[in-house]
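First, the structure itself, so that you have it in front of you.
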Amino acid sequence: MDYKKLSELLFPNIKNTMDYYENEKYPKRNLPEGAKVTRLAPSPTGFIHLGNLYGAFVDERLAHQSGGVFMLRIEDTDEKRKVEGAVETIISSLEFFGLKFDEGAGIEGESGNYGPYFQSKRAEVYQCFAKYLVEIGRAYPCFCLEEELEELRNQQTKENVNTGYYGKWARDRDLSLEEVQEHLDNKEKFVIRFRSEGTEEGTFEIDDAIRGHLSIHENYQDVVILKTNGIPTYHFAHVVDDRLMRITHVVRGEEWLSTLPIHYEIFKTFGWDTPIYCHTAHLMKMDEGAKRKLSKRKDPELGLGYYKELGYHPAAVREYLLTILNSNFEEWRMENPDSPIDDFEFTLEKMSNSGALFDLDKLNNISKDVLLKIPAVEIYEFLSNWAKEYKTDASELLASNKDEVIKLLSVGRDGQKPRKDLMYCEQILDFISYYFDEYFKIVDSYPENINEDEAKKLLQAYLNTYDHSDDQSQWFDKIRVISQENGYAAKPKDYKKNPDMYKGHVGDVSTVIRIALVGRASSPDVWELQQIMGEEKVRRRIEI
RNA sequence: GACUCAUUGGUCAAGUGGUCAAGACGCCACCCUCUCACGGUGGAAUCAGGGGUUCGACUCCCCUAUGGGUUACCA
């Protein structure tokens, strides 16, 4: 068989050589020793969920921690999955969470010399490498129709053998030049298949940076590498691109583990070393009592947009992600509470190889700590930007009450035991909503031992003695007096000792005032809130 | 079905043949306290099951169970 002739027959228009791409167009990168080059290679559906961010984070850390390159390549080899504006969405979503690409699709400026970064625009490159495989007899055209393949599968299932295009089942594996010519003359469409030399029994060994040493089955399938339209499948594009773009570490989900043998064989056929593979575990979700992989179809609420809508701070999400990404991160954080997150040394060895369940409680807890470290002014900015997009009615109120809101956000945050009241924008807005007459409403009821009339009496007494210029202790002393005058213990401990002597204690009285003032039984220090609200508003609330 | 990866408390997990099996979130109790938080102290709660190997197994091997993944001219 004259493979050279076959390759010319199949790819008459491909003139470039492999050598041209490997050594001229895409030469070795000039990077310091140990620099890692990683890539995020999403398909352009534009939908990014937490799981994608999780993986992207690994890429980003690996690259930027080592002085390497973090690249965006769009795997748009499947036209059916394209969505308008997807690339912009991907870039902006990741940027929101602090992940910046150095190079690649849609990146401005000096974005690197390894493009184009859309696989759909690299057809010639792939064809050149496919042509080479044909030339050396390791790839061949296949004219099978989809229906024929379907039939093949059925037959194999019936005979209880592995399905697929391989060995004796590979009908077009050994077509003669004349037969190929004949098909071509008939204008039949064809794909290019890889000619595997593996066996069903064979195994090989490979190291995965996350999963350790693996011993896995060889590939023995003649997989499609170039589709009818001349565009490669993932398997081929991955090998060619990651080689030419000089990717050092391939981070991808564990669903790729089972096709790793294909990639390995193709790399070896070209005589190339594989990149270092890092197969990450999936982020899981609890669904009707069972763990399940995150799905873009079933879990729209885990899309990154969801967290933006609720107003989680990107720093909190990053911090959370890192706790599940590297098990030693929390420990490091406890020892270095004030260090920038990027000071943490991320390692692949500390990654879990079983899927973690997304834990909202944990995110919230981490978020509290993260927000505590962000100055109130910055939280205000974050909150108001969020409101502009998601809560337009509140947005104006926030803008016209800027100073007061900042003060509200600051209450109790100083000192040795600062409050951690703030988690995410929606919650924050609710948390301070009582300040605005537009949102104020009574949500909690008075303590059981106090009825409406009693409450009115207490509030009247409070109003009578209220002096806005009182300092905190003067103010509270007055509440103690009111309590005593109305039959409530001035100290909770007194009440505990002799519950029969009192109607309740000072805490009950405070609760009544608190509810009148902010509408709820729990809040930060009332005196501080009053100072922020101003005398007029305080009196008005008490009078109601 | 076949192939494959995984399995330590409710969740995230440390652990690599000898530990009273860390820690964090959540939960409960108590302390602090005018409420709620915060903080502190304490508590309940884990090696999926069964066989081996070994003086000794969470750690090594096998089987089973459960869950994930792949099985496309999708990625």
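Side chains included, hydrogens not; waters and symmetry mates left out as well; all remaining heavy atoms used. Below, chain A is the first sequence line, B the second, and so on; all start at residue 1.
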Query raised in the report: Looking at A:F267, is A:R243 sitting on its ring face, NZ or CZ under 6.0 Å from the six-membered ring centre and within 45 degrees of the normal?
Result: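 The answer is no; the distance or angle limit is not met.
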Query - Nearest to side-chain heavy atoms of A:Y234, which nucleotide of B:A72, B:A75, B:U11 - result: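 Closest nucleotide among those given: B:A75.
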Query - Pair pattern of RNA chain B in dot-bracket, where unpaired bases get dots and | marks partners in another strand, Watson-Crick or G-U under 3.5 angstrom - result: ((((((((.[[[..)..(....]]].(((((.......)))))....[[[[[..)....]]]]])))))))....
Query raised in the report: Between B:C38 and A:K368, is there an OP1 or OP2 to side-chain N/O distance shorter than 4.0 Å?
Result: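 It does, given that an N or O in the side chain of A:K368 lies less than 4.0 Å from OP1 or OP2 of B:C38.
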Query raised in the report: Taking 4.0 angstrom as the limit, do A:D59 and A:R39 come out as a salt bridge?
Result: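 Between A:R39 and A:D59 there is no salt bridge, as every charged N stays at least 4.0 Å from the carboxylate O atoms.
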Requested in this report: Could you give the distance separating B:C12 and B:U46 at their C1' atoms, to the nearest angstrom?
Outcome: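 Between the two C1' atoms, the distance is 13 Å.
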Query raised in the report: How does protein reach along nucleotides 2-7 of chain B, written 5' to 3' as B (base within reach of a heavy atom under 4.0 Å), S (only sugar-phosphate), or - (no contact)?
Result: SSSSS-
Report task. Would you mind telling me which of B:C73, B:C34, B:A24 lies closest to the side-chain atoms of A:R480? Result ->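 Closest nucleotide among those given: B:C34.
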Query raised in the report: Is there a side-chain polar atom (N or O) of A:S352 under 4.0 Å from OP1 or OP2 of B:A13?
Result: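 Looking at the OP1 and OP2 atoms of B:A13, one of them is under 4.0 Å from a side-chain N or O of A:S352.
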Requested in this report: Check whether NZ of the Lys or CZ of the Arg A:R541 lies under 6.0 Å from the centre of the six-membered ring of A:F440 and within 45 degrees of that ring's axis.
Outcome: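 Judged by the rule (NZ or CZ under 6.0 Å from the ring centre, within 45° of its axis), A:R541 counts as positioned above A:F440.
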**Report entry** For A:Y54 against A:A281, the heavy-atom pair lying closest together
**Finding:**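 That closest heavy-atom pairing would be CE2-O, 3.4 Å.
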**Report entry** Any A:K493 side-chain N or O less than 4.0 Å from OP1/OP2 of B:C32
**Finding:**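 Affirmative; the distance criterion is met.
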Report task. Select one nucleotide: of B:C12, B:A14, B:C73, the one nearest the side-chain heavy atoms of A:L357. Result ->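 Shortest atom-to-atom distance from the side chain points to B:C12.
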Report task. Quickly work out the A:E330 CD to B:A22 C1' distance and round it to whole Å. Result ->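 Between C1' of B:A22 and CD of A:E330: 13 Å.
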Query raised in the report: If you check the A:H282 side chain, which of B:G15, B:A24, B:G68 turns out closest?
Result: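 That would be B:G68.
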**Report entry** Under 3.5 Å side-chain donor-acceptor pair for A:Y439 and A:D430
**Finding:**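 The answer is no; no qualifying pair exists.
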Report task. Take A:Q119 and A:D76 through the side-chain hydrogen bond (donor to acceptor under 3.5 Å, both in side chains) test and state the conclusion after the steps. Result -> CA-CA 6 Å; A:Q119 290 185 329; A:D76 55 350; over 6 Å; no
Query raised in the report: If you check the A:R419 side chain, which of B:G15, B:C73, B:C36 turns out closest?
Result: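 Within the option list, the nearest is B:C36.
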Query raised in the report: Hey, does the side chain of A:R153 come within less than 4.0 Å of B:A72's phosphate (OP1/OP2), counting only N and O?
Result: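 Checking B:A72 against A:R153, a side-chain N or O does come within under 4.0 Å of OP1 or OP2.
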Query - Whether over 12 other heavy atoms sit under 6.0 Å from A:K373 NZ - result: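 It does: A:K373 NZ has more than 12 such atoms within range.
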Query raised in the report: Does a nitrogen or oxygen in the side chain of A:K227 sit under 4.0 Å from OP1 or OP2 of B:C74?
Result: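 Indeed, a polar side-chain atom of A:K227 lies that close.
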Query raised in the report: Hey, is the side chain of A:T77 poking within less than 4.0 Å of OP1 or OP2 on B:A75, counting only N and O atoms?
Result: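 Checking A:T77 against B:A75: at least one side-chain N or O falls below 4.0 Å of OP1 or OP2.
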**Report entry** Sugar-phosphate, base or nothing in reach of A:V191, heavy atoms under 4.0 Å
**Finding:**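 The answer is base, as A:V191 lies within the cut-off (heavy atoms under 4.0 Å) of a base atom.
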Query raised in the report: Among B:C38, B:C34, B:A14, which nucleotide sits nearest the side chain of A:S327?
Result: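 The closest nucleotide is B:A14.
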